[in-house]
*Asks:* 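A single structure is presented below for examination.
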Amino acid sequence: MPKFLETLIDILQEMAKKYLPPVYALIQKILDFKSLSLSLFAHYSRRFGFRAIVLTGVLASFYAVYLFAMNTLAPGAPKASHDVILKTRFSSPKPSNHIVILDIDERTLASLSESHGRWPWSRDVLADGVQKVMDLGAKAVMFNVMLSDPDKNNRDADAAMDVTAQMNPPIAFPLIRLNPVNDQKSALKALQIPGAIPYEKHAADTTIAVILPMFASMHDRLGIANQLPDGDGIVRKYPLRWEEKTYQLPSMVQRTAELGGAELGGVPNAMSLNWRNKQGRYQRISFSDLYLDKLNPEQTALFKDAFIVLSLSAPGLGQTKPTSVQSVEDDGEILATALDDAVNKTYLRVMPSWVVLVLNLIIIWALVILSIRSFKNSLFNRIFLVVQSGLGGITLLSASYTNYMIDLSDSMSFGLSVFAVIKLIQTMDDRWSRAKPGFRKIKKKSESSDILVLSYLQDQLGEIDGKELQKSLEKIVGLNQIIRIDDLFAGESFLSSPVKRIKFLLVGVMPSKQSAIAQLLNKEQYQYVNQVSYTTTQAWNPEDKKFGLEVSAWILESGSRLLYADWQKASSEKKA
């Protein structure tokens, strides 16, 4: 694809040059500016080297600390990564067989419409249904239907509902929390609600705006029916214990679980919901089937020792909300999930913010250290790939098969970002070192008249020692006077493998630096480096084609001598 784009750009340039000279001139200015910018970037990437990489690590660390501070100041802020993990995980907890949704669905409305008319029905219908549930042996019922006003046309039905509530203690009823701005207008004190827990002494005088059921028999088993979506409107957590500034109230889930004898010790006030999105949905039984005695034996058995969530899902009646794994979910499924998580303690545990910060810093500085140490690029790339795969695997496996979400996506993001910046710096460094066309636009006056061609075989002087030699020479003659040539031979020819072993360093030798260069090359570690000096007729300028033409002959000559000597050595060793 890059070759195609280069060809396309060349064609467009030629057309503009021929037919639109002003456009061609503008294009040339843009390309010249681009080349100069890339040249400067490449030059400083080579010049600052590891210092630029360390600076990348410092900036990434500051950003990691900033995110930690934001998470600490605003705990529970939504994380999009959690949604992605839950949607893509391999498995999830199974829905409990002891939680059943008794659903007032569209089929129920249709089935009961002839005998009881449109919704809302008289309260004796709901009372009869709840009584049937309790008679079938249910542990507790979450009655998620608000009955706030009397039925003026059927007072006997209201009486039936009241009696049913009195006769069946393990039924939790809803309490709807209104906007706190209305609290001052309310006469109801928060601590008058059974189960309310004060945080401060003056909480006794705090009033609260709520909607209560009309039946007094229900008031000792109330729970907040409201849910608590995140700032983006998505339900990710459930408030098991509804927390206000000065007091705490029980939720519908807490009430139902405790009425059914469940122990909720250790369950956090705000649970991260562990959606059953990979193992099916909760058992649903249409309210009409129960009410009209149409249950089969298997359905009847489901009620025994079960927690029942009575809820509405019929269009126009039931509430729906987006969740981490569904764009639309009804209240019944959300409440069943919360109840399951509370009773069976399957709620999601997430890592503390400080653990995430420590992991992010470890990833950042591990990459920085590995990149500036004497590691081969190929080994560095493999280590990064293995670590990223490991982090992703731990994240998905923990979310799939445990109740712990070890979310390492932040660490993966930091790792990927830092790795990308490091690779960009290293790529620009390599392009400067190899004098790729367009990357040596910075021209400085050169005193060199001689060129030293250094050649060696990679298996005699490895990649790491070769880079160290280049750095040492750059300290003597400067960045502009060194060109590394290690990508001259490539392709699919049978000669590629033996020939690409040769590596070169092209050195512009200034008279004042000759002794320092000789002293460096006399070190024992560079005994395998072949040295040939040439006098150039062209000024040192890697961007000049004439300079490249002259130097290329010396490079090939030096390389052929080195290969021939190596072949002779191998032949003599074979004969011996």
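Positions are given from 1 along the sequence.
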*Asks:* Heavy-atom count around Tyr199 OH within 6.0 Å, excluding the residue itself: above 12?
*Replies:* yes
*Asks:* Give a yes or no on whether the ring-centroid distance for His98 and Tyr282 is below 6.0 angstrom.
*Replies:* no
*Asks:* Who pairs with Tyr247 by ring-ring contact (aromatic ring centres under 6.0 Å, His included), at least two apart in sequence or on another chain?
*Replies:* none
*Asks:* Mark yes or no: Arg349 above the aromatic ring of Tyr347, with NZ or CZ under 6.0 Å from the six-membered ring centre and no more than 45 degrees from the axis.
*Replies:* yes
*Asks:* What residues, two or more places apart in sequence or in another chain, satisfy ring-ring contact (aromatic ring centres under 6.0 Å, His included) together with His219?
*Replies:* none
*Asks:* Identify, with sequence neighbours excluded, every residue that meets ring-ring contact (aromatic ring centres under 6.0 Å, His included) alongside Trp119.
*Replies:* Trp121
*Asks:* Does anything in residues 59-68 form a side chain to side chain donor-acceptor pair (under 3.5 Å)? List the pairs, not counting sequence neighbours.
*Replies:*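 Of all non-adjacent pairs touching residues 59-68, those that pass side chain to side chain donor-acceptor pair (under 3.5 Å) are Ser61-Trp365.
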*Asks:* Between Asp410 and Ser413, do the side chains contain a donor N or O and an acceptor N or O under 3.5 Å apart?
*Replies:* no
*Asks:* Taking everything shown except Gln227 itself, do over 12 heavy atoms lie less than 6.0 Å from its CD?
*Replies:* yes
*Asks:* Distance from Leu302 atom CG to Leu295 atom CG, nearest 0.5 Å?
*Replies:*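 One finds 9.0 Å between CG of Leu302 and CG of Leu295.
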*Asks:* Write down the atom of Val350, the atom of His82, and the distance for their closest heavy-atom approach.
*Replies:*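 Nearest pair, atom of Val350 first, then His82: CG1-CE1, 3.9 Å.
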*Asks:* Does atom CD of Glu106 have more than 12 heavy-atom neighbours, drawn from other residues, nucleotides or ligands, at distances under 6.0 Å?
*Replies:*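 Check fails, neighbour count at 12 or below.
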*Asks:* Test salt bridge (charged side-chain N to carboxylate O under 4.0 Å, His left out) on Arg123 and Asp151; report intermediate values, then the result.
*Replies:* CA-CA 8 Å; Arg123 279 41 182 304; Asp151 186 347; 5.2 Å; no
*Asks:* What is the minimum heavy-atom distance between Glu263 and Gly265, and which atoms define it?
*Replies:*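 Answer, listing the atom of Glu263 first, then Gly265: OE2-N, 3.0 Å.
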*Asks:* So for atom OH, which belongs to Tyr404, do other residues, nucleotides or ligands contribute more than 12 heavy atoms lying within a distance under 6.0 Å?
*Replies:*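 Incorrect, the count does not exceed 12.
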*Asks:* Are Gln426 and Lys423 close enough, and set up right, to give a side chain to side chain donor-acceptor pair (under 3.5 Å), and what steps lead you there?
*Replies:* CA-CA 5 Å; Gln426 291 178 338; Lys423 296 307 292 183; 3.3 Å; yes
*Asks:* Quick one: side-chain hydrogen bond (donor to acceptor under 3.5 Å, both in side chains) partners of Asn344, sequence neighbours excluded?
*Replies:* Asp340
*Asks:* Which value, rounded to the nearest 0.5 Å, describes the distance between Met161 atom CE and Asp124 atom CG?
*Replies:*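 Between atom CE of Met161 and atom CG of Asp124 there are 10.0 Å.
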*Asks:* Can you see which heavy atom on Lys237 is nearest to which on Ser272, and at what distance?
*Replies:* CE-OG, 3.5 Å
*Asks:* Say you draw a straight line from CD1 of Ile422 to CZ of Phe380; how long is it, rounded to the nearest 0.5 Å?
*Replies:* 4.5 Å
*Asks:* What residue pairs, at least two apart or across chains, pass side chain to side chain donor-acceptor pair (under 3.5 Å) with a residue in residues 130-149?
*Replies:* Gln131-Asp135, Gln131-Asn168, Lys132-Asp293, Asn144-Ser311
*Asks:* Take atom CG of Asn97 as the centre, draw a 6.0 Å sphere, and report whether it contains more than 12 heavy atoms from other residues, nucleotides or ligands.
*Replies:*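 For Asn97, atom CG is not crowded (no more than 12 foreign heavy atoms under 6.0 Å).
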*Asks:* I need the minimum non-hydrogen distance between Val141 and Met134, along with the two atoms involved.
*Replies:* CG2-SD, 3.7 Å
*Asks:* Does Asp158 reach the side chain of Phe215, with side-chain heavy atoms less than 4.5 Å apart?
*Replies:* yes
